[in-house]
There are 2 protein chains.
Amino acid sequence: MRTIPDIIISRLPVYLRALCYLQEQGYHTTSSKELGEKIGISPAQIRKDLSQFGEFGKQGTGYNVPFLIEKLRQILHVDRVWDVAVIGMGDMGHALARYQGFTNRGFRVAMVFDSDPAKVGERVGDFIIQDAREMVPAIRAAGIRIAMICVPAQAAQEVADKLVEAGVKAILNYAPISLSVPADVHVQYIDPAIGLQRMTYYLD
Amino acid sequence: MRTIPDIIISRLPVYLRALCYLQEQGYHTTSSKELGEKIGISPAQIRKDLSQFGEFGKQGTGYNVPFLIEKLRQILHVDRVWDVAVIGMGDMGHALARYQGFTNRGFRVAMVFDSDPAKVGERVGDFIIQDAREMVPAIRAAGIRIAMICVPAQAAQEVADKLVEAGVKAILNYAPISLSVPADVHVQYIDPAIGLQRMTYYLD
DNA sequence: TAGATTGTTAATCGATTAACAATC
DNA sequence: TAGATTGTTAATCGATTAACAATC
């Protein structure tokens with residue numbers, strides 16, 4: 001089986017999100033044209049992307065929304081619920097620990113950590129903050145494969161190393177620094193300042 | 001002047017972030033090779049990207065770190081401080097209002113809004129939460145051009161419309177929905193669930 | 001000088017789009 | 001049937017990389 005380009009994979013969650021939103025609004029079918037207008041992607045590209053994985057549409061009528069949602073969930077492996085660990089209970093980690101937006105999208109925060117003794121044992125949402133020193137055994141014992149890093153930049157690489165040691169294979173990094181990880185570990189970056197700087201170039 | 005591709009612009013903030021980090025660590029010069037290893041981008045690409053804007057390096061020695069930082073700040077228009085408005089004071093808006101990571105990166109949160117009467121008038125960080133009904137005149141009067149949307153999905157498009165009406169030209173959208181805005185308004189999306197879904201495809 | 005590294009060219013590689021037969 | 005829309009092909013478009021003369 002040939003490898004699907006990552007740029008295609010990166011668009012699938014956007015399709016899935018839009019389809020779920022359409023479903024909530026009562027749509028039962030949609031077309032590549034309609035979907036493309038909603039999310040600003042050309043109809044041809046949507047059809048080409050989806051065709052990498054199968055024939056999900058019908059000529060003349062388009063795509064069945066619940067069916068395509070199910071297929072995309074299977075493709076992206078979010079037809080299950082992944083446990084996620086959050087490291088760093090500052091404001092951002094706190095917000096992620098309580099984030100409602102993971103519901104029905106394949107994720108559930110399962111444990112949260114901080115290295116500050118003053119925070120360890122405190123409650124955040126449904127969780128008791130655990131000591132960061134127990135991170136590796138706790139994550140390994142729970143079989144957790146996904147983590148979010150919300151610690152300061154200077155601590156992020158060390159945390160990433162420990163997560164790798166604990167068996168984590170996917171990291172969502174909120175710390176403003178590029179991480180070094182083995183090739184089989186995936187990293188995505190979220191940095192609001194970078195998001196803003198990508199736009200100020202166009203402002204005068 | 002020919003238009004620089006957006007994909008190049010989108011890498012510049014990453015270069016800038018890495019250079020600032022190198023500077024903190026005491027580096028005075030770096031090379032495209034060294035920088036590329038830190039951030040996982042090929043040296044040729046870094047040189048090609050930078051060459052769109054001028055000749056910033058020296059053969060044999062590479063780039064002067066403070067000089068390149070200054071140039072990138074000028075290019076990205078973050079050689080100043082932009083005032084930013086935050087709409088929606090849930091956990092995420094709260095975290096952004098108090099976010100320390102904007103400092104020295106060209107941004108300062110200047111005002112925050114919520115539509116919940118129970119929250120209006122409360123304090124978050126250094127700010128008093130303002131009534132969302134005053135959003136348009138307040139943003140317009142302050143000349144604010146950048147905003148972050150942290151409201152629920154079903155309210156986000158309406159908020160975006162008001163921001164456009166108020167003169168905002170750049171929106172960082174944390175709501176899990178694609179926004180429709182005029183062509184001269186820029187939008188960047190931050191959605192942790194999408195970040196995670198881009199990785200679970202590769203996990204089994 | 002010798003070694004290192006830039007900026008740039010040309011070649012390669014990959015992604016997007018236009019167009020259309022197939023068919024619901 | 002007529003209209004709509006898919007999946008796919010081929011053409012176009014754009015981005016990345018390799019290589020190297022220039023030069024610090």
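Lettering of chains follows the sequences in order, A, B, ..., and the numbering in each one begins at 1. Any value given below was found using the heavy atoms of this structure, including those in side chains, with hydrogens, waters and symmetry copies removed.
With hydrogens and angles ignored, the 3.5 Å screen pairs no side-chain donor or acceptor of B:His186 with any backbone N or O of A:Met199. Counting only distance, with no hydrogens or angles, the side chain of A:Asn173 and the backbone of A:Ile177 share a donor-acceptor pair below 3.5 Å.
For the side-chain hydrogen bond (donor to acceptor under 3.5 Å, both in side chains) test with B:Arg47, the passing option among B:Ser32, B:Ser42, B:Ser31 is B:Ser32; the others fail.
At a threshold of 4.0 angstrom between heavy atoms, the contacts of B:Lys33 with the nucleic acid are absent. At a threshold of 4.0 angstrom between heavy atoms, the contacts of B:Pro43 with the nucleic acid are absent.
In this structure, a donor-acceptor pair under 3.5 Å is absent between the side chains of A:Tyr202 and B:Asp184. Counting only N and O atoms by type, the side chains of B:Asp49 and B:Gln45 include no donor and acceptor under 3.5 Å apart.
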Practice problem: Go ahead and write out DNA chain D as dot-bracket, 5' to 3': ( ) for pairs within the strand, [ ] for ones crossing earlier pairs, | when the partner sits on another strand, dots for unpaired; Watson-Crick or G-U wobble, both distances under 3.5 Å. | Solution: ..||||||||||||||||||||||
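The footprint of chain A on DNA chain D, defined by a heavy-atom cutoff below 4.0 Å, extends from D:dA4 to D:dT9.
Annotation: side chain of B:Ile146 is not in contact with side chain of B:Leu172 (no heavy-atom distance under 4.5 Å).
Across B:Pro192 and A:Tyr174, no two heavy atoms sit closer than the pair CB-OH, 3.4 Å. Of all heavy-atom pairs between A:Val185 and A:Ala170, the closest is CG1-N, 4.5 Å.
Taking the nucleotide of DNA chain C with the nearest heavy atom to each of A:Arg11 and B:Phe56, the more 5' of the two is matched to B:Phe56. The residue among A:Arg47 and A:Asp6 whose nearest nucleotide of DNA chain C is located toward the 5' end is A:Asp6.
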